[in-house]
2 protein chains.
Amino acid sequence: MLSTTDNAEPLGRREQNKIDTRRAIADAALDLARSVGPGAFTVDQIAARAGVSRRTFFNYFHSAEDSLTVRTDTFLELALEVFGQRPQDEPLFEAIIRSFSETTRMEGLSLHGELFRMGDANPDLLRAQLHSWERAEARIVGALRRRLGAPASNLYLTALVGCVLSCTKAAMRDWAVSTPESGDDSGEQLEARILASLNMLRDGFVDPTATSAGPAAGS
Amino acid sequence: MLSTTDNAEPLGRREQNKIDTRRAIADAALDLARSVGPGAFTVDQIAARAGVSRRTFFNYFHSAEDSLTVRTDTFLELALEVFGQRPQDEPLFEAIIRSFSETTRMEGLSLHGELFRMGDANPDLLRAQLHSWERAEARIVGALRRRLGAPASNLYLTALVGCVLSCTKAAMRDWAVSTPESGDDSGEQLEARILASLNMLRDGFVDPTATSAGPAAGS
DNA sequence: GGGAGAATTTGCACACCGTGCAACAAGCCT
DNA sequence: AGGCTTGTTGCACGGTGTGCAAATTCTCCC
């Protein structure tokens with residue numbers, strides 16, 4: 001299991017414990033979702049498996065579903081972080097595309113397909129996931145505003161970011177449904193789809209006969 | 001109050017009662033959200049105000065928030081319906097743009113701004129609204145698939161629809177926040193923003209300095 | 001090392017949620 | 001009318017989410 005934060009920062013016992021607890025809860029929830037299905041378990045079960053009290057669970061998450069969006073949150077957070085480290089003078093779409101495809105390359109991927117499928121089967125989980133993307137959208141808009149500065153209107157920013165995330169979402173969904181229970185080696189498949197959808201976006205969706213996800217989708 | 005379905009179909013007492021009840025509940029929920037704020041009332045209160053039992057409420061809606069998304073649902077349903085009546089040979093973006101701006105022209109508009117602001121203040125309501133858009137997205141993808149036929153790939157369809165809805169959403173959000181407590185006369189403002197965002201989409205978001213919306217530019 | 005003080009966990013209580021179930025009422029059909 | 005179908009209601013019950021105060025754990029400084 002790859003950790004997204006390998007920082008060896010001098011964390012106090014307090015900080016470290018909280019991180020561990022949060023992780024334990026999220027992992028417990030994921031385990032349960034895998035074994036008995038999303039929405040088929042209670043908060044008490046998560047808490048018990050994580051080795052904390054029910055009350056503590058609610059100190060960390062607002063609901064059972066929320067504890068299943070941690071991975072989605074960190075994925076998007078990571079993408080944003082990668083984006084922030086791109087050179088300022090790089091063309092916008094170039095930076096966006098690279099950020100996402102780079103992020104997919106360093107993330108545990110099959111998990112996200114799994115989560116997508118879970119969301120399809122459980123409305124409450126789907127809502128939590130949508131909310132997760134929504135929160136990310138707000139953060140990305142902020143980052144983009146800092147990058148582009150004043151000339152970009154609010155409408156432009158929010159529409160653009162919404163579209164980029166919609167494309168990424170569409171790519172992940174398409175990948176999730178057409179790549180049944182794959183191993184971790186299907187990263188290229190996903191990357192290709194993200195690339196393809198973002199290229200469609202850049203080109204204004206001119207061609208309805210665009211290929212689903214070819215290995216090459218040049219600009 | 002304009003009804004979106006003025007069909008004088010020969011509905012039986014049964015059907016009519018159900019429609020009335022559903023309406024009564026939705027109206028009661030909206031009233032409450034307006035008077036005490038979203039998320040600050042219980043299902044019992046909604047049921048009482050609607051003149052039905054608590055149990056009956058749950059026969060119609062899964063949660064209090066769901067009863068507040070009825071208007072959003074019907075708005076998107078109406079847009080889809082308008083789209084379905086567009087000529088088949090009309091250019092795609094033309095049809096999409098016209099569908100939405102035509103729909104905004106016939107809908108009680110200030111309400112949607114209100115709902116948007118409510119969603120900002122209440123996470124659960126926001127989730128319900130996001131879910132509403134998500135459901136609409138699925139329906140629209142279906143409609144588009146019928147229109148475009150086989151040549152359109154799944155990824156193309158879902159990405160396109162997601163982007164169109166993201167743009168519409170961005171337009172409504174921008175309009176909602178920059179048009180405080182307006183009357184019903186601000187329809188043009190919204191229409192202009194939808195037009196602007198969908199044009200951005202068609203042009204591939206090339207120009208960061210795009211104007212916010214028509215005659216009056218925001219931020 | 002130890003104790004004051006801050007942060008975190010936990011148990012408890014309580015109002016509210018969402019649903020299965022069975023009784024009841026209201027529309028429908030001949 | 002009288003049976004049939006469909007919708008409403010009350011009830012019960014397990015689960016949810018949160019305020020509160022006591023107990024526990026960590027931090028810091030002497």
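Predicted, not measured: the structure shown is a model, and the values here were computed from it. Scope of the values below: all heavy atoms of this structure, side chains included, with no hydrogens, waters or symmetry mates. Letters go in sequence order (proteins before strands), and every chain restarts at 1.
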Problem set entry | Flag side-chain contact, heavy atom, 4.5 Å: B:Val70 against B:Arg23 | no
Exercise. B:Tyr60 side chain to B:Ala26 main-chain N or O, any donor-acceptor pair under 3.5 Å?
Worked result: no
Exercise. Is the backbone N or O of B:Ser99 less than 3.5 Å from a side-chain atom of B:Glu102, with the two atoms forming a donor-acceptor pair by type?
Worked result: no
Problem set entry | Under 3.5 Å side-chain donor-acceptor pair for B:Ser132 and B:Thr72 | no
Exercise. For C:dT9, does OP1 or OP2 lie under 4.0 Å from any side-chain N or O of A:Thr56?
Worked result: no
Problem set entry | End-to-end axis angle, where each axis spans five pairs of the helix from C:dG1-D:dC30 to C:dT30-D:dA1, to 10° | 20°
Exercise. Listed by chain and number, what are the side-chain contact (heavy atoms from CB on, under 4.5 Å) partners of A:Ala171, not counting sequence neighbours?
Worked result: A:Arg193, A:Ile194, A:Ser197, B:Leu155
Problem set entry | Heavy-atom side-chain proximity of B:Met118 to B:Leu115 below 4.5 angstrom | yes
Exercise. Are OP1 or OP2 of C:dT9 and a side-chain N or O of A:Tyr60 less than 4.0 angstrom apart?
Worked result: yes
Problem set entry | Nearest-Å distance for atom pair CD1/P, residues A:Ile19 and C:dT8 | 12 Å
Exercise. For A:Val141, which residues count as a side-chain contact (heavy atoms from CB on, under 4.5 Å) partner, sequence neighbours excluded?
Worked result: A:Arg145, A:Leu157, A:Thr158, A:Val161
For this session: Grab the CD-C1' distance between A:Gln16 and D:dC26 for me, whole Å please.
Result: 14 Å
For this session: Say whether, by atom type as modelled, one donor and one acceptor occur between the side chain of A:Thr56 and the main chain of A:Val52 under 3.5 angstrom.
Result: no
Problem set entry | Residues from residues 118-131 of chain B lying under 4.0 Å of DNA chain D - heavy atoms | none
Exercise. Taking atom CZ of A:Arg147 as the centre, does the number of heavy atoms from other residues, nucleotides or ligands within less than 6.0 Å exceed 12?
Worked result: yes
Problem set entry | Modelled atom types, side-chain donor and acceptor of B:Arg13 and B:Asn17, under 3.5 Å | no
Exercise. Can you tell which of C:dT10, C:dC17, D:dT9 lies closest to the side chain of B:Asn59?
Worked result: D:dT9
For this session: Scan residues 45-52 of chain A against DNA chain C and write down, sorted by residue number, each residue with any heavy atom closer than 4.0 Å; if none is found, say none.
Result: A:Val52
For this session: Quickly work out the A:Asp66 CG to D:dT18 P distance and round it to whole Å.
Result: 10 Å
Exercise. Backbone N or O of A:Ala176 within a donor-acceptor pair of the A:Arg117 side chain at under 3.5 Å?
Worked result: yes
Exercise. Less than 4.5 Å apart, any side-chain heavy atom of B:Gln129 and any of A:Leu130?
Worked result: no
Exercise. Less than 4.5 Å apart, any side-chain heavy atom of B:Val82 and any of B:Phe100?
Worked result: no
Problem set entry | Nearest-Å distance for atom pair CG/P, residues A:Asp44 and C:dC12 | 13 Å
Exercise. Does OP1 or OP2 of C:dC16 have a side-chain N or O of B:Thr42 closer than 4.0 Å?
Worked result: no
Exercise. Would you find a donor on one side and an acceptor on the other, under 3.5 Å apart, between the side chain of A:Gln45 and the backbone of A:Thr42?
Worked result: yes
Exercise. Any side-chain N or O of B:Thr21 under 4.0 Å from OP1/OP2 of D:dT8?
Worked result: yes
Problem set entry | Under 4.0 Å protein heavy-atom contact, by nucleotide of nucleotides 18-30 of chain C - B base, S sugar-phosphate only | BBBB----BBS--
